[in-house]
Amino acid sequence: MKHILLAALSVATLNVHAQTFFYVDHITVAPATPAPQDNITIALSGGLASTGAYVVSASATVTGNTVSLNVVAADPGGFTVIVPHTEQIPVGPLPAGTYSIVINGTFVGDFAPQPEHVFVVAGGGLLPACDSLDIQSVQWAPFDPGALEVLVSNGSSELFNYPAFVLLDDQGDTLAVEQTNYFGIGAGAQIHTLAVHPLAQVPAAPFPATLHLWTWFYDSLACELPVNVDLCPPGPCVPVQVHLGNFGGALVTGLFDWNLLDGGGNTVFSGTLELGAVDLDSAAVCLPPGTYSLTMVQPQPVGGQLQYGVSAGPLGTSTLSEPFVSGGTVNELPFTLYEACISTGQSVAYPHTGDELNVHQEVGRVVVSAPEPLGLVELLDMRGRLCAQVPEAGTRCVLTTDGVSAGVHLVRVVGHGVVRTQRVVIP
């Protein structure tokens, strides 16, 4: 009998502790952008479980960069309706840094969105050299929809030791965070890769934001840099490099045919890369955001340790590659370029063939015309090498062919969200 009574009491105790008398729906930090000299207050907003429920006590403790809110609620009885309630908890001044909020207590449920559990105390230790940082772009990583790339250069002698960037929206919510990867920021352009926060709601259109630059492995907040962010690259297309290299094993000599196919399986670019005197060859193309496949083939076994792939983004340092197999195998590398920009208002359309282009060869020149303004007009040989290039705002363009070798060439017109191509024979 005694054991049965103890078991019943245990179940009753568990049921009591499983109850929630204060439901926390939102967390608000005041002031919204605190500095080290501010007295910080954190408000927990939500609802009490009945007309008799109340908060017995609420306090805050700070350990490192964690603010623990200790809340105890009670309900001696009342009508079972949700009663709106906000509990103000004083925290006091905090040093500059990024802080996480943890709600502990009794009979309290934490249902606030995850981004509201993080806030930043800024200022106090900002460096004068911050004005010398040039944020050249903040964009999606070309091949990784879960990452952003910040292109930055430093015009001062301040190194910003062991730097890392954090991108915040205009509400102070964290959008992306960098893992420290550099010793410092120098005068040359440098790419910093930030991982998008898993719960972040990244705006699709251009938006105002702030970059926080931390130094010494997130020990010190060095800079707050306001930026107007346009995560998608400017249209109508972005530069992409098709490349092939031999990284050891043997001298490789041969021609390698390649094709770029769009999501519908249509060839948008083709060419030939050559290895022999050099161990690396590449071709430049311009592609709108979209889904593509790169195919490459060499009929004969050529040995070596070959890698083929594509590169894009600031400075062309974002790369997708894999081993190349010779001997007739058709190597295929599928990739998606700026995935988040394909279906948004900032995206541009897929390339297509240039049936509406009028291309004809005259003595010493190629004439290109179309019903609408052209854009960027280029002449390439069948290896993908650029022979002539003219930016044309009108509907007719003349490309000079003096010094261009005879044979089949490709006219490529990039403008108004499309890439159009047409072949022409130069005698």
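When a residue number appears, it is its place in the shown sequence, counting from 1.
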Asks: Taking all non-hydrogen atoms of both residues, which atom of Ser369 and which atom of Leu374 are closest, and how far apart?
Replies: C-CD2, 4.3 Å
Asks: Verify, without hydrogens or angle tests, whether Asp281 (side chain) and Leu244 (backbone) share a donor-acceptor contact under 3.5 angstrom.
Replies: no
Asks: By ring-ring contact (aromatic ring centres under 6.0 Å, His included), which residues pair with Phe183, not counting sequence neighbours?
Replies: Tyr162
Asks: OG1 of Thr267 to CG of Leu261: how many Å apart, nearest 0.5 Å?
Replies: 4.5 Å
Asks: Counting C-beta onward and ignoring hydrogens, is there a side-chain heavy-atom pair between Trp214 and Asp219 closer than 4.5 Å?
Replies: no
Asks: Quick one: list whatever passes side chain to side chain donor-acceptor pair (under 3.5 Å) with Asn154, sequence neighbours left out.
Replies: Ser156
Asks: Sequence neighbours left out, what passes ring-ring contact (aromatic ring centres under 6.0 Å, His included) with His85? Give chain and number order.
Replies: Phe22
Asks: Would you say Gln241 has more than 12 foreign heavy atoms packed within less than 6.0 Å of its CD?
Replies: yes
Asks: Is there a donor in the side chain of Thr215 and an acceptor in the side chain of Ser220, or the other way round, less than 3.5 Å apart?
Replies: no
Asks: Take Trp258 and Thr295, measure what side chain to side chain contact (heavy atoms under 4.5 Å, CB included) needs, and give me the verdict at the end.
Replies: CA-CA 5 Å; Trp258 60 269; Thr295 65; 6.0 Å; no
Asks: Show the nearest heavy-atom pair for residues Gly309 and Leu294, with the distance to one decimal.
Replies: O-CD2, 3.6 Å
Asks: Quick one: does Gln307's side chain get under 4.5 Å of Pro323's, heavy atoms only?
Replies: yes
Asks: Is the side chain of Tyr182 donor-acceptor paired with the backbone N or O of Ile191 at a distance under 3.5 Å, no angle test?
Replies: yes
Asks: Counting C-beta onward and ignoring hydrogens, is there a side-chain heavy-atom pair between Leu94 and Tyr99 closer than 4.5 Å?
Replies: yes
Asks: Taking ring-ring contact (aromatic ring centres under 6.0 Å, His included) as the test, write out the residues that go with Tyr308, two or more places apart.
Replies: Phe324
Asks: Can you tell me how far CG of Leu306 sits from CG of Asn331, rounded to the nearest 0.5 angstrom?
Replies: 9.0 Å
Asks: Apply side chain to side chain contact (heavy atoms under 4.5 Å, CB included) to the pair Thr98 and Val166, showing each step before the final yes or no.
Replies: CA-CA 10 Å; Thr98 300; Val166 176; 5.6 Å; no
Asks: Is there a donor-acceptor pair closer than 3.5 Å between any side-chain N or O of Ser326 and the backbone N or O of Val302?
Replies: yes
Asks: Quick one, Val62 and Val91 - any side-chain contact, counting heavy atoms below 4.5 Å?
Replies: yes
Asks: Give me the atom names and distance for the closest heavy-atom approach of Pro289 to Ile342.
Replies: C-CG1, 3.9 Å
Asks: For the pair Gln298 (side chain) and Gln300 (backbone), establish whether a donor and an acceptor sit closer than 3.5 Å, ignoring hydrogens and angles.
Replies: yes
Asks: May I ask you to decide if Gln171's main-chain N or O and Asp169's side chain share a donor-acceptor pair within less than 3.5 Å?
Replies: yes
Asks: Where do Gly184 and Gln190 come nearest, in terms of heavy atoms and distance?
Replies: O-NE2, 3.2 Å
Asks: To the nearest 0.5 Å, what is the distance between CG on Leu337 and CG on Asp262?
Replies: 13.0 Å
Asks: Under 3.5 Å, is there a donor on one side chain and an acceptor on the other for Glu378 and Gln389?
Replies: yes
Asks: For Thr400 and Ala388, work out which heavy atoms get closest and say how close.
Replies: O-CB, 4.1 Å
Asks: Where do Val196 and Trp140 come nearest, in terms of heavy atoms and distance?
Replies: CG2-CZ3, 4.0 Å
Asks: So do Val310 and Phe335 actually touch side chain to side chain, heavy atoms under 4.5 Å?
Replies: yes
Asks: Which residues pass the side chain to side chain donor-acceptor pair (under 3.5 Å) test with Gln136, sequence neighbours left out?
Replies: Ser153
Asks: Is the closest side-chain heavy-atom distance between Val268 and Leu287 below 4.5 Å?
Replies: yes
Asks: Counting C-beta onward and ignoring hydrogens, is there a side-chain heavy-atom pair between Asp25 and Ser45 closer than 4.5 Å?
Replies: no
Asks: Does a side-chain heavy-atom distance below 4.5 Å link Val368 with Asn358?
Replies: no
Asks: Nearest 0.5 angstrom please: Leu399 CG to Arg365 CZ, how far?
Replies: 10.5 Å
Asks: Decide whether Glu149 and Ser318 meet the rule of one side-chain donor and one side-chain acceptor closer than 3.5 Å.
Replies: yes
Asks: Does Val366 form a side chain to side chain contact (heavy atoms under 4.5 Å, CB included) with Val411? I'd like the steps, not just the answer.
Replies: CA-CA 9 Å; Val366 170; Val411 171; 4.1 Å; yes
Asks: Using the ring-ring contact (aromatic ring centres under 6.0 Å, His included) criterion, which residues pair with Tyr338? Sequence neighbours excluded.
Replies: none
Asks: Given side chain to side chain contact (heavy atoms under 4.5 Å, CB included), test Ser100 with His117 step by step and report yes or no.
Replies: CA-CA 6 Å; Ser100 298; His117 291 74; 5.9 Å; no
Asks: What's the spacing between Asn259 CG and Thr272 OG1 if we round to 0.5 Å?
Replies: 9.0 Å
Asks: For the atom pair CG (Leu260) and OH (Tyr292), what is the distance rounded to the nearest 0.5 Å?
Replies: 8.5 Å
Asks: Among Asp110, Leu69, Ile101, find the one that has a side chain to side chain contact (heavy atoms under 4.5 Å, CB included) with Leu44.
Replies: Leu69
Asks: Between His212 and Phe165, does the ring centroid distance fall short of 6.0 Å?
Replies: no
